[in-house]
Amino acid sequence: MRTRWCGELGIGDVGEAVELCGWVARRREHSAHLAFVDLRDRTGIVQCVVDGAADLRAEYVVRVTGTVTARPEGTVNPSLATGQVEVSGCAVEILNEAEPPPFSLEEWSEADEAIRLRYRFVDMRRERLQKNLVMRSTINAAIRASMFAQGFTEVETPLLWTPTPEGAREFAVPSRLQQGSFYVLPQSPQIAKQLLMVAGVDRYYQIARCLRDEDLRADRQFEFTQLDIEASFVGVEDVLGFVEEAVLDAVEAVTGARPEVPVRMTWREALERFGTDKPDLRYGMELTDLAEVLAGTGFNAFKAEAVRAICVPGAADSSRSKLDGLVERAKSLGAAGLVWMRVVAPAGDDTATEPRAKVADLESPVAKFLSDDERNGIVAACGAKPGDLLLVVAGEHDRACRVLGQLRVDLGRPPVAEGGLRFVWVTEFPLFDGLDEEGNPMAAHHPFTMPHADDLDLLGKDPLSVRSLAYDLVLNGWELGSGSIRIHRADIQSQVFATLGISEEEAEERFGFLTGAFRYGAPPHGGFAVGLDRLTALLAGEENIREVIAFPKTQSGADPMTGAPKPLADRSLRELGIGILPPKR
RNA sequence: GGACCUGUGGUGCAGCCUGGAGUGCACGCCGGCCUGUCAAGCCGGAGGUCGCGGGUUCAAAUCCCGUCAGGUCCGCCA
């Protein structure tokens, strides 16, 4: 039906007779006998010169036959990739008519999210989504090539899996043949891939769909895609190497340049410096420890386990209401309070106004409670300059760090498309993360994560301080993925289960098929999973992973195009043995 | 479960704070004109349950309450 793509035509094609197919993107009608039709296919747009276009409308599907010609002098369009040429002497065959699109398909035009999703098939005609879907495909292809080259075997695992309470909420699938029983959709192929290690597959990967029934966010959909990896007879460094190779290959395939290898950082260091386990290295504003400067302070609010600060460059002119807003934000994040300090010209500086000079070089509600040495020390420790704003949080150590880490993101994070690609390996995550209602430690990663060899004897004594062989890959402040070395020895697994407060019977019931399999010769193994929606979004410069997914859901989990989720017909419910309870109220 | 923002012809907005006739802008749509435009231009026209429900008021797009939808975030996401 066609001989060429619209977007690939250039000056080198002049003189060629072409047949093109696509959609009418725009139409500029000059008279009954001269019109310009911009024809669009997946590769781009080219201008066609037509003898009259009165019967054409936007988004009509057409086949154009004509000759590629150089545009007349002065009519070249530099903003169009094909702008040096046009297709002239065109005959236009209408393959299908179209109603006017529900929203403008011009790239500069924005439409409401609900309408975009309702007419996703129209939205996807735009360059933005076309480009993102192609990029996603490029990434997938590069990853498959990389994993295959590294000797990995792609294995598919079931979507109809078994409930494994613990972790994310699962989507349930009723069984028709065994009424009252359910499959669940896998929140990840975690257990399946460990079984593949017992099976001797040795090096497994899969571009796997994962499903979690948790609330949606800009970087979270119900269903998402991971590069899932597991390998036997490996240590942490091996796993990081496999992942690094695949991810950097994928980035290189998209950008044409191999990025810097990820920076290494322990979880502890990330928390101390950035107040988060997913540090964004594209900008500064790192946390400053004020403990030393304030060691002997008389100000009660600063007599705390930790006193930390961030410096916001040039923000000293923030309005009082903005500062009040920051205080509220800090409180909502769990801080007891937030102290702000405007750094102004130092005392004695001729440019300082009289009232400011009286409080030395800090303008703050608490300045009067601080000694001159403390004020100077704070400014020096933070490396602050006049015009900067300091934000100080005092309190329990981890919480103070996290609050400031979030404020740092709120105030400093650049747009997603700026600042390059800064990969970070965050290593030595704690094995446990807080206590549940019954006072038992909760697994930070999952219950099969190997404790750090040096911390094994702490399991019984001080579980919360036990480090693990778990690690995250972070890119520009987004958690791209996580993984760990798994426990393959029954004695250590029992110890961890015991620490988690999981009895042997309970472990047997929940994970018996895994621990049972482990008795038949489980190799040491470990793995990782990389979120490909997030990776693609970051490479595409998108703030929301919806933009790299063909058919995403809204934040309330709906699909405006299909109307899903919908009630099931009574007949279907009966067949599944399911009754619907009256709505809660 | 919670907080905040948004909802006005097909689309994107302004109007709302400070109530007074659905008023306005841009795009699109329909008709006409126009032989080198390119987000074409010019002229004319059509198109509205101001998300929905209730309340206050002589009077509500505007104020109040509720609700629905979309978005961002907290909780949640081993």
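Here is how names work: the chains are called A, B, and so on, in the same order as the sequence lines, proteins then strands, and each is numbered from 1. Basis for what follows: all heavy atoms, side chains included, without hydrogens, waters or symmetry-related copies. Keep in mind the model is a prediction, meaning the values are calculated, not measured.
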K.L.:
When we call it a touch if two heavy atoms are under 4.0 Å apart, what does Arg118(A) touch: a base, just sugar-phosphate, or nothing?
P.N.:
nothing

K.L.:
What's Asn544(A) touching, base or sugar-phosphate or nothing? Going by heavy atoms closer than 4.0 Å.
P.N.:
sugar-phosphate

K.L.:
Using a heavy-atom cut-off of 4.0 Å across all strands, would you classify Ala444(A) as base, sugar-phosphate, or nothing?
P.N.:
sugar-phosphate

K.L.:
Ignoring hydrogens and angles, does a donor from either the side chain of Arg546(A) or the base of G71(B) sit under 3.5 Å from an acceptor on the other?
P.N.:
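Check fails, no donor-acceptor contact within cut-off.
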
K.L.:
Mark yes or no for a side-chain to base donor-acceptor pair under 3.5 Å between Arg26(A) and C38(B), with no hydrogen or angle criteria applied.
P.N.:
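A donor-acceptor contact between them is absent.
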
K.L.:
Categorize Pro72(A) for me: base, sugar-phosphate, or nothing, with a 4.0 angstrom heavy-atom threshold over every strand shown.
P.N.:
base

K.L.:
Regarding Glu86(A), tell me which of base, sugar-phosphate or nothing describes its non-hydrogen contacts under 4.0 Å with the strands shown.
P.N.:
base

K.L.:
Across the strands shown, which category fits Arg27(A) at heavy-atom distances under 4.0 angstrom: base, sugar-phosphate, nothing?
P.N.:
nothing

K.L.:
Partner lookup for C42(B), please. Criteria are Watson-Crick or G-U wobble with both distances under 3.5 angstrom; report none if nothing qualifies.
P.N.:
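By the stated definition (distances under 3.5 Å), G32(B) pairs with C42(B).
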
K.L.:
Under 4.0 Å, heavy atoms only, any strand: does Ser188(A) hit a base, just the sugar-phosphate, or nothing?
P.N.:
base

K.L.:
Under the 3.5 Å rule, do the base of U37(B) and the side chain of Arg71(A) count as making a donor-acceptor pair?
P.N.:
yes

K.L.:
For nucleotides 31-34 of chain B, tabulate all protein N/O to nucleotide N/O atom pairs closer than 3.5 Å, reporting atom names and distance.
P.N.:
unit_1 : atom_1 : unit_2   : atom_2 : d
G31(B) : OP2    : Arg57(A) : NH2    : 3.4
C34(B) : N1     : His30(A) : O      : 2.9
C34(B) : O2     : His30(A) : O      : 2.7
C34(B) : N3     : Glu29(A) : O      : 3.4
C34(B) : N3     : His30(A) : O      : 2.7

K.L.:
Are the aromatic rings of His525(A) and Phe448(A) close, with centres under 6.0 Å apart?
P.N.:
no

K.L.:
Would you tabulate the nitrogen or oxygen pairs shorter than 3.5 Å linking the protein to nucleotides 12-14 of chain B?
P.N.:
unit_1 : atom_1 : unit_2    : atom_2 : d
G12(B) : OP1    : Asp112(A) : N      : 2.8

K.L.:
Report each atom pair, protein N/O against N/O of nucleotides 3-8 of chain B, whose distance is under 3.5 angstrom.
P.N.:
none

